[in-house]
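To start, the structure under review is shown below, and the notes come after it.
So that the names make sense, note that chain A is the first sequence line, chain B the second, and so on, each numbered from 1.
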Number of protein chains: 2
Amino acid sequence: MTVSKAAGKSAGATRARRDAADAPPEALQLGELSEHLGFVLKRAQLRVFENFLRCVASLQLTPAQFSVLLLVEKNPGRNQTEIASTLGILRPNFVAMLDNLESRDLCARIRSTNDRRSHILVLTDKGKAVLTRAKKLVASKHEARLNDVLGTANREALIAMLSKIANEF
Amino acid sequence: MTVSKAAGKSAGATRARRDAADAPPEALQLGELSEHLGFVLKRAQLRVFENFLRCVASLQLTPAQFSVLLLVEKNPGRNQTEIASTLGILRPNFVAMLDNLESRDLCARIRSTNDRRSHILVLTDKGKAVLTRAKKLVASKHEARLNDVLGTANREALIAMLSKIANEF
DNA sequence: GTTATTTGATATGGTCAATAACAATTATCA
DNA sequence: TGATAATTGTTATTGACCATATCAAATAAC
């Protein structure tokens, strides 16, 4: 990674390595790339998810799992199809996710008495407690970091723009 | 997906379906979720990638492939390790990607005369032509759509904030 | 000149996303 | 009512990505 020769810049004509006096290899130029929305968006998203995982590492929650717990808390009495589709998760892929949360006693499936095909989702007491702790960690460590980097006003503007893109693009 | 009963809202006590006169089932409340950076960021990114794929569908380029072509064009004479690591792609995973681009005659691997371990990457003539067409499609269809949704000033502010997050978070 | 490092490549496993299909249950309607 | 269609949760399966270990060839370092 550090031995490449900058085009036409090396002192020796056919030399594979730099002399001690040579300049370090130049960093690659991103060029246009850094102006493309998709590129910066993807990179920012990866960083934010990394940071989220670190912030709630003590609770072993992924962003997706956190979203499920939040949505179930906010919408008690809904079934798997409703919760999954709201999060953009396909029903088949939601099964293993719920198996995980249920095996950790964070969430429970309850057969609906109205429609015995469906499973009503609820948070367990442990699930509520974990979610409360997770919210505190996310607010104090994760979202607070965003305020440090951007400032509160910019933070709100960013969220608004991203929501607009998610809804209107 | 449309038969669930809102908690305590249904007229009939143990009825599984709505009467024709019943209100439509309420949409789920996102609540806090829509204020969480990771959530809106991920959703925006998925929409943007979808839109990108549609805009350059005629050229059969993914965002990742477009990034590779752009970076190779901007940095002629670099090897696989350098291009891949700059894009955050691991070297093993970059091999198949290059196999694809090379099989389509968009990109070529050339054994370096300086260091015969490494492959210098260059765009073929066809690769240059495809990239030129891709840039035009992306500018006129994809990035232009962002301007329509946000306005030019906000677009630039958004890119700046996302870059800051990608670099400083 | 022997050993360590680097480059591209292969093999492999893990996590997600997407589709088809199935049993149980419920909806539709002749 | 009874036959048919649709829905719910589930399984199986596939492909796209991401990550680690390892290898042969070439080079670096001592």
Side-chain angles (χ1 to χ4, degrees), chain A residues 1-5 12 14-20 22 25 42-43 45-46 49-50 53 60 62-65 67-68 77-85 87-102 107-121, chain B residues 1-5 12 14-20 22 25 42-43 45-47 49-50 53 60-65 67-68 77-85 87-102 107-121:
Chain A
M1 200 200 310
T2 59
V3 293
S4 67
K5 179 177 67 82
T14 59
R15 190 163 33 102
R17 63 199 77 65
R18 292 177 288 111
D19 288 344
D22 273 358
K42 176 76 176 184
R43 295 191 82 74
Q45 185 255 311
L46 290 173
F49 269 42
E50 271 177 40
L53 287 171
Q60 288 281 97
T62 67
Q65 291 169 336
S67 297
V68 171
R78 300 299 190 132
N79 65 25
Q80 294 184 199
T81 297
E82 291 170 315
I83 297 292
S85 77
L87 292 173
I89 302 171
L90 291 172
R91 275 63 79 204
N93 298 328
F94 194 48
V95 173
M97 238 185 117
L98 269 188
D99 287 347
N100 181 328
L101 293 176
E102 204 172 22
C107 182
R109 291 184 245 226
I110 302 177
R111 282 233 98 97
S112 168
T113 53
N114 287 342
D115 184 341
R116 299 191 40 246
R117 288 172 301 186
S118 61
H119 287 165
I120 297 306
L121 299 182
Chain B
M1 200 201 308
T2 58
V3 293
S4 68
K5 180 175 66 83
T14 60
R15 188 164 34 101
R17 63 199 77 63
R18 293 177 288 111
D19 289 344
D22 274 358
K42 176 75 176 184
R43 295 192 81 75
Q45 185 256 311
L46 289 174
R47 288 296 189 92
F49 270 42
E50 269 177 42
L53 286 172
Q60 288 280 98
L61 284 181
T62 67
Q65 290 169 335
S67 297
V68 171
R78 300 299 191 132
N79 66 24
Q80 295 185 198
T81 297
E82 291 170 312
I83 298 291
S85 77
L87 292 174
I89 302 172
L90 292 172
R91 274 63 78 206
N93 298 329
F94 194 49
V95 173
M97 235 183 120
L98 268 188
D99 288 347
N100 181 327
L101 293 176
E102 203 173 22
C107 183
R109 292 183 244 226
I110 302 177
R111 281 234 99 95
S112 168
T113 53
N114 287 342
D115 184 343
R116 300 192 38 247
R117 289 171 300 186
S118 61
H119 288 164
I120 297 307
L121 299 182

* Should A:Ser118 and A:Thr81 be marked as a side-chain contact (heavy atoms from CB on, under 4.5 Å) after you check the CA-CA gap, both sets of side-chain angles, and the distance that decides it? -> CA-CA 8 Å; A:Ser118 61; A:Thr81 297; over 6 Å; no
* To do: Between protein and nucleotides 16-25 of chain C, map the contacts as a letter string: B base, S sugar-phosphate only, - none, heavy atoms under 4.0 Å, written 5' to 3'.
  => -BBBB---BB
* Residues in side chain to side chain donor-acceptor pair (under 3.5 Å) contact with B:Asn93, at least two apart in sequence or another chain -> none
* Using the test side chain to side chain donor-acceptor pair (under 3.5 Å), find all partners of B:Glu102 that sit at least two apart in sequence or belong to another chain. => B:Arg109
* To do: Kindly write out the residues that satisfy side-chain contact (heavy atoms from CB on, under 4.5 Å) with B:Phe49, not counting sequence neighbours, or none if the list is empty.
  => A:Lys42, B:Gln45, B:Pro63
* Closest contact, heavy atoms only, B:Leu87 versus B:Val68 -> CD1-CG2, 3.6 Å
* Asked: Taking atom C1' of D:dC17 as reference, at what distance in whole Å does atom CZ of B:Phe94 sit?
  -> 15 Å
* Asked: Considering only C:dG8, C:dA9, D:dG9, which nucleotide approaches the side chain of A:Gln80 most closely?
  -> D:dG9
* Qualifying residue for side chain to side chain contact (heavy atoms under 4.5 Å, CB included) with A:Ile83, from A:Met97, A:His119, A:Arg91, A:Arg78 -> A:Arg78
* Side-chain N,O (B:Thr81) to OP1/OP2 (C:dG8) below 4.0 Å -> yes
Tabulate atom names and distances for all N/O pairs under 3.5 angstrom spanning the protein and nucleotides 2-4 of chain D.
none

* Among all residues two or more places apart in sequence or in another chain, which pass the side-chain contact (heavy atoms from CB on, under 4.5 Å) test with A:Thr62? -> A:Leu53, A:Ala64, A:Gln65
* To do: Write down the distance between CG (A:Asn114) and C1' (D:dT7), rounded to a whole number of angstrom.
  => 15 Å
* Asked: What residues form a side chain to side chain donor-acceptor pair (under 3.5 Å) with B:Arg116, not counting sequence neighbours?
  -> none
* In whole Å, what is the span from the CG atom of A:Leu98 to the C1' atom of D:dT11? -> 15 Å
